[in-house]
S.K.: 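Dropping the structure in here first, questions after.
Residue numbers start from 1 in every chain, and the chains themselves are labelled A, B, ... in the order their sequence lines are given, proteins ahead of strands. Computed over heavy atoms, backbone and side chain alike; hydrogens, waters and symmetry mates excluded.
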There are 4 protein chains.
Amino acid sequence: MSEIETIQAYYAASLGKDGRITRTQRQILAAALDLFAEKGYEEVGTREIAERAGVAEGTIFHNFVNKNGILDAIMQPIVKNILPTMLNTLDQAVLDSPNQTLEAFIVALVRDRVKFVTRNRASLAVILSQFFNNAEDRAAVLGMVSPAILTQATEAMERLKATGELVEWPNHMILQLVFSTIGGYLVEQVLYPQAATLSDQQVVHYLSDFLVNGLSPRRIPLQSDNTAS
Amino acid sequence: MSEIETIQAYYAASLGKDGRITRTQRQILAAALDLFAEKGYEEVGTREIAERAGVAEGTIFHNFVNKNGILDAIMQPIVKNILPTMLNTLDQAVLDSPNQTLEAFIVALVRDRVKFVTRNRASLAVILSQFFNNAEDRAAVLGMVSPAILTQATEAMERLKATGELVEWPNHMILQLVFSTIGGYLVEQVLYPQAATLSDQQVVHYLSDFLVNGLSPRRIPLQSDNTAS
Amino acid sequence: MSEIETIQAYYAASLGKDGRITRTQRQILAAALDLFAEKGYEEVGTREIAERAGVAEGTIFHNFVNKNGILDAIMQPIVKNILPTMLNTLDQAVLDSPNQTLEAFIVALVRDRVKFVTRNRASLAVILSQFFNNAEDRAAVLGMVSPAILTQATEAMERLKATGELVEWPNHMILQLVFSTIGGYLVEQVLYPQAATLSDQQVVHYLSDFLVNGLSPRRIPLQSDNTAS
Amino acid sequence: MSEIETIQAYYAASLGKDGRITRTQRQILAAALDLFAEKGYEEVGTREIAERAGVAEGTIFHNFVNKNGILDAIMQPIVKNILPTMLNTLDQAVLDSPNQTLEAFIVALVRDRVKFVTRNRASLAVILSQFFNNAEDRAAVLGMVSPAILTQATEAMERLKATGELVEWPNHMILQLVFSTIGGYLVEQVLYPQAATLSDQQVVHYLSDFLVNGLSPRRIPLQSDNTAS
DNA sequence: TATGAATGAGATTTCATTCAT
DNA sequence: GATGAATGAAATCTCATTCAT
């Protein structure tokens, strides 16, 4: 994953004539982000957004064409740029060192995600909400996982299984467990932004350790212990 | 948890005068459940529900007072029971055999949830959607996690830690990981109902095994092995 | 004015097959009377009436055909029977003694009205409300003042003017003042049923005295006094 | 009372940003006033108002928030001012000439009210209707009779009694009679707007004369005359 | 006779969007 | 570019009334 980890940096690309985001646009986006995260897209009216942003209702349509245009402006940078980039980064790491251990692999994977979640809570709340509420938006999020990436991920898993680093479970199930663990952290952060009792570093440690142990091939002594009891 | 594992069984408690759910009410609930699960609560109109249910629009309001009343009738039975019974199971398992292994404990927990998810996909889809979309509904779901239940869960974890069955991590983190793992399965089922490639039994095996290994105390040999490599 | 001064006595004539008013009908009428007087006809729903009456909604239509049927049952006895009777009584009194003084005449007039108002507060509240809100009901109330009665009243006023008992003002204005004075009392009673600080007898005295003095021909000394100052 | 005698003049205070009433708002208010006066508030739909006003239905809600908002805009200026200014007049009359006769005093009072009624027939019809129909609106009208104002009125009456200008009756009864006389005229004007056979001046004369004679202390000669006859 | 579930026409209200200024 | 009044389609909801039980 590269340096671009904040949404603001992406607005320039999609808004404004000369790659610049207007003060007005920023006000509207900030207001909408707050409100969407708090109440959900459907529950927020354009009048409300305009009021909180301190602009006229018409100004919203001047700048974003649609109510949906605001949502796009919030989701696009993450869905179209950051997440794909992140997935590519993951893949690159795997490709770079084919004989990497599961631990190193997972730690790298988790660390990036945790940082990202911490930095983009509000936007992720909106994306998460849309993901579960709108089939189209869900497709958009899922669509960014290109088949190529999936293929590469599958290859990585097979390689790790071959070297005895990964349990011999269906790849589909392994992926689900990895996503669940990271996703669960995401959900917690998004829903309780205030309760950050652990440092990012600690979280990375726990999640990685949990995943590594959960997905490592079962050792003989562990099995015998269980059998013995 | 035990006997009550289908939503229909709960409707009786909250609807109808003598604990019975009317044919009309069932029609409306079925239609609404389908539509909500498919398009999301906000996207479905009462007219549409009435049409699919084969009743007049007024009949909806006669039976459920509100559009929101339908949603309540769908969510209530699950929301009011899923977590409490889940933790009941946990408590029961602990009471039944205080020196039980983490494995048996988690297997019981996971098995119940997997069955429940499989049986109540549509309703859970609606609840999941509302949970992320509507602060009020989220509060309703979370509000039912009474402090008493949390205390019980905490006690159970402490006991397992004391007997060396559970890793010495913050309880909060352990809970999050358990919820993540089961929740991830829930999300997958809810979003891709068709793709059931694994049997319930297999899923229970994988999830349990993953959790048990992920949450077991780290063995010295494992650590030294890792360090050695 | 005869003895029939309470509404209940009239229900028999318009309801029930054998001139009897059912227990159910009484319940409905009582509930409706309360509610109409409190919130106004339009603001009260049939569901509400049924609830307060402790009957099913259908029962109302069984007994009164219409929602409007209830209103009719409340208004009819007064509008169709009592008020006309009262007006005829008034006329009779005038006819019986053509050379009566204004005082005796007005005292008789006022006394009957005051008693009537005191006894039928609630129903009068409903009638008053309808009078100002519904052109049709207003016509019904006004229609009960037959031209014949008006003619007789005019004759009475002319006679009193001829004998120097009544000011030489337009009859129309004199009637308005009489109605105003009595109507003002009606309004006060209807709107503040609780605040009955004066006895009927006292009220009759004040109203009569006020009317007699207000409508007596002006004496010379009074005029000269004013001029002198 | 003085200058502000038309409702339009009051709208400015409660509507529009810079104390101005929009052309659209005036159209809506005019249409609503006509319809409410003609059929009563409950019988008029917003669609009907919009049609007669020549605007879209949404425009009503854009400008008045509620259907009830229109009613408020019609009632407020009058309700907030009619009684206060009425009693201001009373107070002013007393301050201007403490030794004024009852006659001059009542003439001033009546003249103001008669003018007001003549000019605001339609609005008063709506208010009158609501007053008798809706407990809430009634409370609003009555609620504006502040204790302070009542105190002033009472003091004025006591002063007039002390100077032998006013009959020694309960203040409450005197007020009722004054209100009845003026209110009766109001009702007549509101219900039969067309039948204006008398000029304002004549009406003022009759009502004042009636009140003055009705409320003047009874002269001994008058009493003896009556007794003698 | 009494019931109360079902009805559906119609009422109010919301809201994204347009457009003249 | 910004405004905000106006729009009208569509949504939710109310309510008197019917009718099978």
S.K.: In this structure, how many angstroms lie between the P atom of E:dT1 and the CZ atom of C:Phe64, rounded?
M.R.: 13 Å
S.K.: Whole-Å distance between E:dT1 C1' and C:Arg26 CZ?
M.R.: 17 Å
S.K.: Mind calculating the distance between CG (A:Leu71) and P (E:dA16) to the nearest angstrom?
M.R.: 13 Å
S.K.: Which listed nucleotide (E:dG4, F:dT7, E:dA6) is nearest to the side chain of C:Ala56?
M.R.: E:dG4
S.K.: Output yes when at least one side-chain N/O atom of A:Thr24 is less than 4.0 Å from OP1 or OP2 of F:dG1, else no.
M.R.: no
S.K.: Taking only residues two or more places apart in sequence, or in another chain, which ones meet A:Phe132 in a ring-ring contact (aromatic ring centres under 6.0 Å, His included)?
M.R.: B:Phe132
S.K.: Figure out the CD/C1' separation between A:Gln27 and F:dG1, and round it to whole Å.
M.R.: 13 Å
S.K.: Under the side chain to side chain donor-acceptor pair (under 3.5 Å) test, which residues partner A:Asp137, sequence neighbours left out?
M.R.: A:Gln130
S.K.: How would you summarise protein contacts on nucleotides 13-21 of chain F per nucleotide, using B for base, S for sugar-phosphate only and - for none, with heavy-atom distances below 4.0 Å?
M.R.: BB-BBB---
S.K.: Can you name the residues that form a ring-ring contact (aromatic ring centres under 6.0 Å, His included) with B:Phe131, not counting sequence neighbours?
M.R.: none
S.K.: Roughly, in whole Å, what's the span from CD1 in D:Ile60 to C1' in F:dA5?
M.R.: 14 Å
S.K.: Return one dot-bracket line describing DNA chain E 5' to 3' (Watson-Crick or G-U wobble pairs, both distances under 3.5 Å; ( ) same strand, [ ] crossing, | another strand, . none).
M.R.: .||||||||||||||||||||
S.K.: Can you name the side chain to side chain contact (heavy atoms under 4.5 Å, CB included) partners of D:Asn68, sequence neighbours left out?
M.R.: D:Tyr41, D:Asn66, D:Leu71, D:Asp72
S.K.: Measure CD1/A:Ile28 against C1'/F:dG4 and give the value in whole Å, please.
M.R.: 14 Å
S.K.: In residues 43-56 of chain A, what donor-acceptor pairs under 3.5 Å come from side-chain atoms, sequence neighbours left out?
M.R.:
residue: A:Thr46; atom: OG1; partner: A:Glu57; partner atom: OE2; Å: 2.8
residue: A:Glu48; atom: OE1; partner: A:Lys39; partner atom: NZ; Å: 3.3
residue: A:Glu48; atom: OE2; partner: A:Lys39; partner atom: NZ; Å: 2.5

S.K.: Nearest whole angstrom, please: distance from the P of E:dT12 to the CG of D:Leu35.
M.R.: 12 Å
